[in-house]
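Structure record follows, encoded as structure tokens.
Atoms within a ligand are numbered from 1 in the order they appear, just like the ligands themselves.
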Amino acid sequence: MKAIYPGSFDPITLGHLDIIERGCRLFEQVIVAVLRNPNKTPLFTVQERLEQIRQSTQHLLNVEVDSFEGLTVNYAQMRQAQVLLRGLRALSDFEVELQMAHTNNTLSSEIETVFLATSNEYSFLSSSQVKEIARFGGCVAHLVPPHVAIEISRCHAKNHLK
Ligand code: PNS
């Protein structure tokens, strides 16, 4: 089975990477799909995020990194994937994720959402949190892959953090 792991990944965190690595053990192929969302002003461009994810997953043989726009289920159908993979952190994720899974199911009943419980150490980790810590000069080296931490601190040095 082929799984799509969709998200914003602005930036990829160790929590995302944990889900990708575990997804790779369950599925033949995991396609990490970055949403091109014109309504959001991200910290990193789609191209930068794709590159960050590629570098972070180069040790995994069955990962592909791509971007998409529009509905995730349409992209999944186009890629002939059967599964949408999502990580569940704390209880607060549950409502949003359940709603999204149900909505996606009404759009395409052939595609199943599979949730992986986030590993304990990443239960409360999010990209937004990483950006907030970095914006106030905190260290994020324990939360993101090393090259991403460097890019974040470069951004911070240039005073580009939003
Ligand atoms: O990393 P995120 O921001 O939590 O990911 C959310 C994402 C990209 C998976 C979700 O917003 C999405 O699938 N957007 C594409 C539009 C879509 O398919 N909407 C219907 C599901 S509610």
Side-chain angles (χ1 to χ4, degrees), residues 1-24 26-27 29-57 60 63-119 121-135 140 143-145 147-149 151-152 155 161-162:
M1 266 201 252
K2 205 192 263 191
I4 304 283
Y5 181 38
S8 308
F9 304 104
D10 185 40
I12 185 171
T13 67
L14 293 181
H16 293 131
L17 195 55
D18 172 56
I19 298 292
I20 298 169
E21 284 171 347
R22 289 161 58 207
C24 277
L26 295 174
F27 302 104
Q29 192 189 19
V30 173
I31 302 173
V32 184
V34 178
L35 176 67
R36 294 197 296 273
N37 188 349
N39 301 322
K40 273 194 183 174
T41 314
L43 176 59
F44 293 107
T45 65
V46 170
Q47 210 46 50
E48 286 169 332
R49 281 177 270 160
L50 290 174
E51 197 41 50
Q52 289 169 354
I53 301 168
R54 283 195 185 110
Q55 273 199 53
S56 313
T57 58
L60 301 166
V63 168
E64 187 189 322
V65 184
D66 193 12
S67 65
F68 75 104
E69 55 192 351
L71 291 175
T72 302
V73 288
N74 288 351
Y75 175 73
Q77 273 163 348
M78 196 262 287
R79 296 304 313 266
Q80 296 177 319
Q82 298 81 12
V83 167
L84 296 181
L85 178 64
R86 295 286 288 172
L88 268 187
R89 292 168 298 190
L91 204 60
S92 51
D93 271 351
F94 189 76
E95 209 177 323
V96 179
E97 292 296 334
L98 198 66
Q99 192 183 24
M100 200 146 66
H102 277 302
T103 308
N104 284 330
N105 192 256
T106 63
L107 296 170
S108 170
S109 56
E110 282 132 49
I111 294 170
E112 290 289 350
T113 301
V114 171
F115 295 112
L116 286 186
T118 305
S119 301
E121 62 262 50
Y122 308 126
S123 302
F124 294 96
L125 173 58
S126 69
S127 298
S128 317
Q129 233 182 27
V130 166
K131 285 184 277 194
E132 179 152 314
I133 294 169
R135 190 177 339 132
V140 293
L143 305 175
V144 296
H147 60 280
V148 176
E151 283 182 44
I152 291 174
C155 249
L161 280 177
K162 292 157 196 127

Give the minimum heavy-atom separation between [X] and [Y], together with the two atoms involved.
X	Y	result
Leu85	Gly23	CD2-CA, 4.0 Å
Ser8	Arg49	O-NH1, 2.7 Å
Ile111	Asn105	O-ND2, 4.0 Å

Proximity to ligand 1 by part of [X], non-hydrogen separation under 4.0 Å:
X	value
Asn104	side chain
Leu35	side chain
Gln99	neither

Got the closest protein heavy atom to [atom], with its distance?
atom	value
atom 1 (O) of ligand 1	Ser8 N, 3.0 Å
atom 10 (C) of ligand 1	Met100 SD, 3.8 Å
atom 9 (C) of ligand 1	Arg86 NH1, 3.4 Å
atom 18 (O) of ligand 1	Thr72 N, 2.9 Å
atom 19 (N) of ligand 1	Leu71 CD2, 3.8 Å

- prompt: His147 and Ser56: side-chain donor and acceptor closer than 3.5 Å?
  reply: yes
- prompt: Nearest 0.5 Å, what's the OG1-CG distance between Thr118 and Leu14?
  reply: 12.5 Å
message: Can you pull out every salt bridge (Lys or Arg N to Asp or Glu O under 4.0 Å) where at least one residue sits in residues 96-119? Sequence neighbours excluded, please.
response: Arg86-Glu97
task: Go through the structure and list residues passing side chain to side chain contact (heavy atoms under 4.5 Å, CB included) with Asp66, not counting sequence neighbours.
output: Ile31, Glu64, Tyr75, Arg79
message: Within the structure, is a non-hydrogen atom of Gly70 found at a distance of less than 4.0 Å from ligand 1?
response: yes
